[in-house]
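Structure record follows, encoded as structure tokens.
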Number of protein chains: 2
Amino acid sequence: MSKQGRKAQFTRALIEARSLIIDGSLPAGERLTETALAERLDLSRTPVRQAMDRLVDEGLLERIDTGGCRVARFTMADLVDAIELRGVLEGTAARLAAERGAVPEIADRMEQVLDALDRAVDPARFDFRAYVRLNEEFHDLLARLAGSPIVAREVERASRLPAASPVAFLQGQELIPDFRVSLGRAQHQHRRIYEAVRDREGARAEALAREHARLARANLEYVMHEQPSLADRVPGLALVAG
Amino acid sequence: MSKQGRKAQFTRALIEARSLIIDGSLPAGERLTETALAERLDLSRTPVRQAMDRLVDEGLLERIDTGGCRVARFTMADLVDAIELRGVLEGTAARLAAERGAVPEIADRMEQVLDALDRAVDPARFDFRAYVRLNEEFHDLLARLAGSPIVAREVERASRLPAASPVAFLQGQELIPDFRVSLGRAQHQHRRIYEAVRDREGARAEALAREHARLARANLEYVMHEQPSLADRVPGLALVAG
DNA sequence: GGGGGACATTCTGTATACATTACCGCCCCT
DNA sequence: AGGGGCGGTAATGTATACAGAATGTCCCCC
């Protein structure tokens, strides 16, 4: 048994199984048994079962009544809904932060992140990797800005739905013609969201955060309609039926 | 091993453990080990562990870094947020149903439920048990009205957060002076929500659904401030610190 | 040739064994 | 007397054994 990490086998099972599903090695709709997966990953059934439970929770697997699982089959509509939901929940986080006042330490950090994002999208010293990292931190901070663990938790959960994550399309975006323009637009929205929260404009903050999530939807639609060849660059898009 | 049910032990562990937490037998903050719970429920660790995983997911338990769990400690603010979230998500379900058109079969059933609810709150033939059952069905139908499995799933998840369920306060409500008036008000809102969905008034439907969840908040605040003695009649209120 | 039923296989759900790790209290040393 | 190390105990993580259920398969009978 591996010495590193307290739940090493479980973690490995979770990560590897998730990869298998997301990159399409396990085709959507395929039946998946504990035993088969355990053998494939060379693990015992115990950690594999836990990992499968977790993946069911994440929505990547569906339980079958009789036992065992099936790889979830997503439609475009499902991904659109997942993105919409993330927008709604981030919007709620933003609105509550505006109404109740933002947690000062998180707001401070957010200002730093926004400044850093400005630098990252500056054409003179464009830094894609920095953008990805900072964008992720922005969304994490936004989830926690209202100081509500319950809200933060659900925002983060919604971000784990397939292709709903704020970072899901950044990979593919590298290959989209004017993606730098798109990142600049996103950063503009980041600023406006924070501004609305700071100025206690709850409705505006909510609406802006929702609209911000629409960027992901636009990217989704672009990839699916204009560049289906990029679909395998975006995590989870292999799951989409048809 | 029990003959009845495919996951009888797991189910028993989940239900009994949840009861122990919700009714306060396991005080908030208390450390809870697999072994201890397994012994207490007279089960092996395997189903107990799965049940604990699930309860962590539901938010009733918190994982401890080192392994093991702690019974979650909720504040009033947490319950308020949980209710707010349910309102936001039901609002989203209602708005999307309005924007995209409601699923006809679900809308049909909803009209029947609304008629039945009218009868249940009619003072002449008031029927509390029927109200509880129909109210639950109304909220279930609302979650699915937009025809989005993703949205329905998250609405239902939010309803499982402690004391956030649409039915959480009905128990205690029996003991509140003019609770019949309150039920009538709730039913009035049910009607208006459905009406807005039917007439494709998305913003109105969303706002009404959010406001409807505020009834739960009002009940929460009433119980906590006016009738703390009722707190143990409402599932989950025993978890609230202070 | 097709359908149905008994059998075999496989899988799940549960219990339990085993090794590793964390926890707790005690004692010793300074 | 207080703090730090040390050992015992208990709990976790993982593997595996076993029984019951589900699935399918193969053969026989029609």
Side-chain angles (χ1 to χ4, degrees), chain A residues 1-21 25-73, chain B residues 1-21 25-73:
Chain A
M1 219 167 303
S2 168
K3 274 276 169 56
Q4 53 189 12
R6 239 179 98 72
K7 302 199 209 176
Q9 311 311 310
F10 163 71
T11 305
R12 193 158 80 76
L14 181 59
I15 291 175
E16 296 191 11
R18 188 156 44 199
S19 298
L20 287 175
I21 296 169
S25 301
L26 295 170
E30 171 139 325
R31 177 133 192 243
L32 189 59
T33 66
E34 269 177 38
T35 24
L37 187 58
E39 188 170 359
R40 180 159 184 170
L41 301 180
D42 194 38
L43 287 173
S44 80
R45 283 173 50 217
T46 308
V48 167
R49 163 175 277 246
Q50 287 173 237
M52 288 174 75
D53 279 346
R54 177 70 168 271
L55 290 170
V56 167
D57 186 66
E58 291 184 11
L60 292 177
L61 293 178
E62 291 168 358
R63 255 284 128 58
I64 296 179
D65 24 326
T66 165
C69 288
R70 176 181 337 124
V71 178
R73 196 185 294 278
Chain B
M1 217 168 307
S2 169
K3 273 277 168 54
Q4 53 191 11
R6 238 179 98 72
K7 301 199 209 179
Q9 311 312 309
F10 163 71
T11 305
R12 194 158 79 77
L14 181 59
I15 291 175
E16 296 191 10
R18 189 156 41 202
S19 298
L20 287 177
I21 296 170
S25 301
L26 295 171
E30 171 137 326
R31 177 134 191 241
L32 190 58
T33 67
E34 270 177 40
T35 29
L37 186 58
E39 187 171 357
R40 180 158 184 170
L41 301 180
D42 194 36
L43 288 172
S44 79
R45 283 173 52 215
T46 307
V48 167
R49 163 174 278 246
Q50 286 173 238
M52 287 174 75
D53 279 347
R54 179 70 168 270
L55 291 171
V56 167
D57 187 65
E58 291 184 12
L60 291 177
L61 293 179
E62 291 168 357
R63 263 277 132 55
I64 296 178
D65 24 326
T66 166
C69 289
R70 176 181 338 123
V71 178
R73 195 186 294 278

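The figures here come from the full heavy-atom set of this structure, side chains too, leaving out hydrogens, waters and symmetry mates. Here is how names work: the chains are called A, B, and so on, in the same order as the sequence lines, proteins then strands, and each is numbered from 1.
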Exercise for review: Check the distance between D/dT12's P and B/R49's CZ and give it to me in whole angstrom.
Suggested key: 8 Å
Revision key, fill the gap. In terms of heavy-atom contacts, B/R31 and B/G68 come closest through NH2-CA, 4.4 Å
Practice item. Take atom NZ of B/K7 and atom P of C/dT12, then tell me their distance rounded to the nearest Å. Key: 10 Å
Study note, to complete from the structure: Those residues at least two apart in sequence (or on a different chain) that pass side-chain contact (heavy atoms from CB on, under 4.5 Å) with A/T66 are A/I64
Practice item. Starting from P on C/dC11, measure out to CZ on A/R70 and report it in whole angstrom. Key: 17 Å
Review point. Which residues pass the side-chain hydrogen bond (donor to acceptor under 3.5 Å, both in side chains) test with B/E62, sequence neighbours left out?
Key: B/R70
Review point. D/dA19 P sits how many Å from B/R6 CZ, rounded?
Key: 18 Å
**Study point:** Contact list for DNA chain C against residues 31-48 of chain A - heavy-atom distance below 4.0 Å
**Key:** A/T33, A/E34, A/T35, A/R45
Review point. Reckon A/T66 has a side-chain N or O less than 4.0 Å from the OP1 or OP2 of C/dC11?
Key: no
Check your understanding: A/D53 has an atom CG; how far is it from atom P of C/dT14, in whole Å?
Key -> 12 Å
Review point. Could you give the CD1-to-C1' distance, from A/I64 to C/dG13, as a whole number of Å?
Key: 16 Å
**Study point:** Partner set under side-chain hydrogen bond (donor to acceptor under 3.5 Å, both in side chains) for A/S25, not counting sequence neighbours
**Key:** A/D23
Revision key, fill the gap. In whole angstroms, the gap separating P of D/dA21 from CD of B/Q9 amounts to 13 Å
Under 3.5 Å, which donor-acceptor pairs do the side chains of residues 10-17 of chain B form with other protein atoms, sequence neighbours left out?
unit_1, atom_1, unit_2, atom_2, d
B/T11, OG1, B/K7, O, 2.8
B/R12, NH1, B/E16, OE2, 3.2
B/R12, NH2, B/L41, O, 3.2

Exercise for review: Output every pair passing side chain to side chain donor-acceptor pair (under 3.5 Å) with a member in residues 47-56 of chain B, not counting sequence neighbours, ordered by first then second residue.
Suggested key: A/R49-B/Q50, A/Q50-B/R49, B/E34-B/R49, B/D53-B/R63
Review point. Rounded to the nearest Å, what distance is computed from the CZ atom of residue A/R54 to the P atom of nucleotide D/dG13?
Key: 13 Å
